[in-house]
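Each chain gets a letter, A, B and so on, in the order the sequences are listed, and its residues count up from 1. Quick caveat: nothing in here was measured; it's all calculated off a predicted structure.
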Amino acid sequence: MSDTAMSPANGVATSRINWRLIVPVAVIALMVLLPFVVGTQSYLLGIAVRAMLFIALGQAWNVVAGIGGQLSLGHGVFFGVGAYGTAILFNSLGLTPWVGGVLGAVASIAVAGLMGAATFRLRGVYFALATVAISLCLEKLARHFIGITGGDAGLAVRFIGDSLSAAQSRSPLPFFFASLVMVVAYYVLTRRLLRSNFGYQLQAVRDDEEAAAASGVPVFRTKMWGLILSAGMTALTGALYVQFYLAIDPGAAFGLGQAIQIQLPSLIGGLGTAGGPVIGGAIMILVSEVTNWLSARTAIHGLDILAYGAILLIVVMFVPGGLLGRTRRGA
Amino acid sequence: MAQDEVLRVEGVSKVFGGLKALSNVSMSVKRGEVVGLIGPNGAGKSTLFEVISGNMRATAGRIVLFGDDVSTVSPDRRRRAGMSRTFQKVRLFESLTTQENIAIAAMQCARSNDDWRGEVQSVMERLKLTRLAQSYPAELTLADRKKIEIGRAIVGRCRLLLLDEALSGLTMDEADELVGVVLSLNTELGVTIVVVEHVLPVLVSMAQRLVVLNFGEVIADGAPREVASNEKVMTAYLGSKRGAFS
């Protein structure tokens, strides 16, 4: 991905402090230190892993929907295929999740290719509807083929103890660093993407397909590659998710609730920005923890969903582009 | 095909349901020409632009661009081949800056050794957009937005430019400035231009040739003065045989 930045400072020496670099580096440094502060077996470390998995899913969705403008309402498909693929290959064939995760991503990419080929030449909501339809189909299939997927109860990954080759650990520490690497990698990828030719193509297609084509942008190909990249990222996150939780079920994989949750970090943090899903995801996990605590004390269930809805409503009404806003997409 | 012909429209028809928007339209444009495409509302000018640029497929007929039949070629490939357009209602990438709007087209059309960044700077200078390089379209006047659209259209080896009502909505001064810019593209860069415009006196002064459409058919094709005194044209425009552009 060649850097084609056309930024104001392009080619101009500047002595201003580069906060866009300093802030992410400082956050990463603090995250690296976190296990040494809270302890390697801490509950907080588990929350951090959950947060980063959530953020990574938001980052993946942001590529096709936030930057590319293709509203996917069924990204759980790619997440589920990645997670189930990894778990099934390990349980039934003993295939290491390092390979299983990649194969799951390849399967997700194949599904994305089929979805894109069927819908991307059409205008309007067809793609969004197709993602929902495929998501619902896969949920039904996952519930039906009990022998492979475990049916409604879901699939538990066979635990063999601490093992690098099986990507399993009793401690959250390896998953903390794995998910941190994933979030940082996705963040860097998004930043590079936004300043690359492909990133500009995606943004042009998002803003106006006909004008993009009139500027020489291959619209269909751009949408297709955006979806493929996003599907691959989502599936890899699904693979890490299933290794951390050691379980996956149809609702968590293909359910609409999951699909909607995947969208929230970007919508709240900043659609089409590099930092938006990170901020949005962190806020949501914070809210989730507080509402879970409140739910436990008040015996009122679903407070987290209410809080998510309220936050989303406030963002849509007062900061429609999300907290970082679209114009600060390099952030 | 004549060697200096950049565009040939051959027997193009376009039907929407029961409505025939274009009926066996033929015309050609030679290298370096400025051709005006005129006609009353609903004559089929915009439909013809859509067919030429590839946004619509013709029901019948062929579009030959730079010697190649591009009738089934996508709009983005036609753009990369050297034909670009503006839209009746300005369509920019609203989340991108002026510079990025122009750079996108330059990047798509650039070959490996091209200095597309340099070209973007030079186009912005030509259109007096340099000071607005980091502005977003929503912050700009209509005249500047139109200039950005023209800038986006002319970067990347543009050889044929289709301008769709580029002057509409502008003040006299802004229109004069834009006419100057457009003519300089033709005289200095050798860009062939086909322009749809409702401000007929301006068009008559710009174009070397006028093609007149009415009810989807070409009713006249010739020098502006000839066309202005054409009986069919006068009837189409005024319903009588007075001077059409007077």
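In terms of modelled atom types and a separation under 3.5 Å, the side chain of B/Asn101 and the main chain of B/Phe93 share a donor-acceptor contact. Looking only at distances, no side-chain donor or acceptor of B/Arg209 sits under 3.5 Å from a matching main-chain atom of B/Val35.
Here the side chains of B/Asp76 and B/Gln108 are not in contact, with every heavy-atom distance at 4.5 Å or above. The side-chain heavy atoms of A/Phe78 and A/Leu227, taken from C-beta on, include a pair separated by under 4.5 Å. Using a 4.5 Å cut-off on side-chain heavy atoms (C-beta onward), B/Arg157 and B/Arg111 make contact. Residues A/Pro218 and B/Arg80 have side chains in contact (heavy-atom distance under 4.5 Å, counting atoms from C-beta outward).
By the salt bridge (charged side-chain N to carboxylate O under 4.0 Å, His left out) test, B/Glu10 is found to be paired with B/Arg8, B/Arg62, residues two or more places apart in sequence or in another chain being considered. Taking the side chain to side chain contact (heavy atoms under 4.5 Å, CB included) definition, one finds that B/Val182 meets it with B/Ile150, B/Leu163, B/Ile193, B/Met206, sequence neighbours left out.
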- [ ] Test side-chain contact (heavy atoms from CB on, under 4.5 Å) on A/Leu114 and A/Ile134 and set out the steps.
- [x] CA-CA 11 Å; A/Leu114 289 173; A/Ile134 294 173; over 6 Å; no

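Salt-bridge annotation for B/Arg126 and B/Glu188: present, with a side-chain N of the basic residue lying under 4.0 Å from a carboxylate O of the acidic one.
Only the side chain of B/Arg152 comes within less than 4.5 Å of a heavy atom of chain A; its backbone N, CA, C and O stay farther away.
By a heavy-atom distance cut of under 4.5 Å, not one residue of residues 57-64 of chain A is near chain B. Proximity to chain A among residues 81-90 of chain B is limited to B/Arg85, B/Phe87, judged by heavy-atom separations below 4.5 angstrom.
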